[in-house]
Amino acid sequence: QVQLVESGGGLVQAGDSLRLSCAASGCTTSNYGMGWFRQAPGKERELVAALDWSCDSRYYRDSVKVRFTISRDNAKNSVYLQMNSLKPEDTAVYSCAVRRGPELRVGAYEYSYWGQGTQVTVSS
């Protein structure tokens, strides 16, 4: 069983930055892909960014490219999401997820473990 704990969310103004962190514990394997998803009220969950085990491959949805950066520290079993130039449309609950296997994948069904989520609210 893998436990994921996110932190770093909050209420900010448009143009501000936030850094989300996700710490994984209880992992039985050291090679796994990680991703950040978000879900806004009334909308479907969407993948924001994803990263493979070796950091050779990254994915960003178009709306966050250039503004967001995903990174990881495998020694700490952690993944981060640096969010710059935040916009009101970035408001959502952000959750990190871990998948079995080192590859980058974009489908939510590919991920086996999920954190509880952290709220990000961007005011205009």
Side-chain angles (χ1 to χ4, degrees):
Q1 189 69 19
V2 176
Q3 293 80 44
L4 302 174
V5 178
E6 301 102 335
S7 60
L11 172 62
V12 297
Q13 294 185 334
D16 286 350
S17 298
L18 280 175
R19 185 178 188 240
L20 304 183
S21 300
C22 175
S25 61
C27 296
T28 59
T29 175
S30 59
N31 294 341
Y32 48 89
M34 301 187 79
W36 284 98
F37 290 77
R38 68 185 181 188
Q39 187 167 21
K43 295 187 177 181
E44 293 187 354
R45 181 171 54 190
E46 59 186 21
L47 178 63
V48 177
L51 189 61
D52 68 347
W53 168 253
S54 61
C55 298
D56 288 336
S57 298
R58 285 177 170 83
Y59 164 87
Y60 297 99
R61 67 181 307 102
D62 288 345
S63 60
V64 306
K65 283 181 180 177
V66 179
R67 300 188 297 121
F68 290 11
T69 302
I70 187 171
S71 61
R72 66 188 295 169
D73 185 337
N74 290 338
K76 296 181 179 179
N77 283 335
S78 294
V79 65
Y80 309 97
L81 187 66
Q82 178 66 42
M83 305 185 296
N84 299 328
S85 302
L86 282 162
K87 303 176 180 180
E89 51 264 42
D90 294 318
T91 295
V93 175
Y94 286 70
S95 301
C96 67
V98 167
R99 63 174 303 274
R100 297 187 183 98
E103 303 88 359
L104 183 157
R105 292 289 185 267
V106 298
Y109 66 93
E110 299 270 10
Y111 292 79
S112 301
Y113 305 102
W114 295 80
Q116 80 288 351
T118 184
Q119 177 69 47
V120 172
T121 303
V122 185
S123 62
S124 57

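- The nearest pair of heavy atoms linking Phe68 to Tyr60 is O-CE2, 3.3 Å.
- One hydrophobic cluster, built from ILVMFWY side chains closer than 4.5 Å, cannot hold both Leu20 and Leu47; they sit in different ones.
- Atom OG of Ser124 sits about 13.5 Å away from atom NZ of Lys87, to the nearest 0.5 Å.
- Residues satisfying the side chain to side chain contact (heavy atoms under 4.5 Å, CB included) criterion with Ser112, sequence neighbours excluded, are Arg100.
- Under the 4.5 Å side-chain heavy-atom criterion for grouping Ile, Leu, Val, Met, Phe, Trp and Tyr, Leu81 is connected to Val120 within one hydrophobic cluster.
- Contacts of Arg19 classified as side chain to side chain contact (heavy atoms under 4.5 Å, CB included), with partners at least two apart in sequence or in another chain: Ser21, Tyr80, Gln82.
- Separating the CD atom in Glu46 from the CZ atom in Arg61 is a distance of 3.5 Å, to the nearest 0.5 Å.
- Taken together through direct or relayed side-chain contacts under 4.5 Å among Ile, Leu, Val, Met, Phe, Trp and Tyr, Met83 and Val12 form part of one hydrophobic cluster.
- Note that the CG atom of Asn84 and the OG1 atom of Thr69 stand 6.5 Å from one another [nearest 0.5 Å].
- Heavy-atom minimum distance, Ala24 versus Val2: CB-CG1, 4.4 Å.
- Residues Gly117 and Ser95 approach most closely at CA-OG, 3.5 Å, considering heavy atoms.
- The aromatic rings of Tyr111 and Phe37 stand perpendicular to each other, their planes meeting at an angle above 60°, with 30° marking the opposite boundary.
- Grouping the Ile, Leu, Val, Met, Phe, Trp and Tyr side chains by contacts below 4.5 angstrom, directly or via other members, places Trp114 apart from Leu51.
- Of all heavy-atom pairs between Leu4 and Cys96, the closest is CD1-O, 3.7 Å.
- One finds a salt bridge joining Lys65 and Asp62 here, because a Lys/Arg side-chain nitrogen approaches an Asp/Glu carboxylate oxygen to under 4.0 Å.
- Residue pairs meeting the disulfide bond (SG atoms under 2.5 Å apart) criterion with at least one member in residues 33-66, sequence neighbours excluded, do not occur.
- When side chains are defined from C-beta on, Pro102 does not count as touching Asp52, because their heavy atoms never get closer than 4.5 Å.
- The side chain to side chain contact (heavy atoms under 4.5 Å, CB included) test with Leu86 is passed by exactly one of Thr121, Leu18, Thr91: Leu18.
- When side chains are defined from C-beta on, Ile70 counts as touching Val79, because their heavy atoms get closer than 4.5 Å.
- The CD atom of Gln39 lies 12.0 Å from the OH atom of Tyr94; values are rounded to the nearest 0.5 Å.
- Residues Ser63 and Arg38 come closest through the heavy atom pair OG-NH2, 3.5 Å.
- Contact annotation: the side chain of Gln116 approaches that of Glu6 to within less than 4.5 Å [non-hydrogen atoms, C-beta and beyond].
- Scanning all heavy atoms of the two residues, the minimum distance from Ala40 to Ala92 falls at N-CB, 3.8 Å.
- The backbone N or O of Gly33 sits nowhere less than 3.5 Å from a side-chain atom of Arg99 that would complete a donor-acceptor pair.
- In Glu89, the CD atom is crowded: over 12 heavy atoms of neighbouring residues, nucleotides or ligands sit closer than 6.0 Å.
- Tyr59 and Val98 fall into different hydrophobic clusters, where Ile, Leu, Val, Met, Phe, Trp and Tyr side chains are chained together by heavy-atom contacts under 4.5 Å.
- When atom types are taken as modelled, the side chain of Arg105 and the backbone of Tyr109 share no donor-acceptor pair closer than 3.5 angstrom.
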